[in-house]
Amino acid sequence: MSFQGYYLAQWKERQQTPPLDAPTVNEIRQQIGEIDESIINKFGEIRRSCSIQSRPEMEDTLLEWLAQLPGIQLEWNTKLFSEMLAASIHPIVYPVECQPISG
């Protein structure tokens, strides 16, 4: 089910209509596109600079950075969310070439 379908079902279930000041679907899609682009750019920046090496450091950075993105609201367990996100992206943004050479 899409996000749109989910919220439409919620509004119908509660016999509500969408708020009159709600953004249009196109505005939401544009905002999602901007967030996606920001995320991809940030991950590329981290990868190129080798600036984050540990997973806990990645978790802290992600929470701080996501809080600054317009439209992102971490409404549920933010610690769990940052741990899951860091676990999935750390191997991608911390490539082998950034890892210290063990002697």
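Atom set for the values below is all heavy atoms of this structure, side chains included, hydrogens, waters and symmetry mates excluded. These figures come from a predicted structure and were not determined experimentally.
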Residues forming a side chain to side chain contact (heavy atoms under 4.5 Å, CB included) with [X], sequence neighbours excluded:
X     : result
Glu34 : Gln30
Ser49 : Ser51
Ile28 : Pro23, Ile32

Show every salt bridge (Lys or Arg N to Asp or Glu O under 4.0 Å) that has at least one partner inside residues 55-65, sequence neighbours left out.
Glu59-Lys79
Separation between CE (Met58) and OG (Ser88), nearest 0.5 Å, reads 9.5 Å
Sequence neighbours left out, cut at 3.5 Å: what donor-acceptor pairs do the side chains of residues 37-47 make with other protein atoms?
residue : atom : partner : partner atom : Å
Asn41   : ND2  : Glu37   : O            : 3.3
Arg47   : NH1  : Ile92   : O            : 2.3

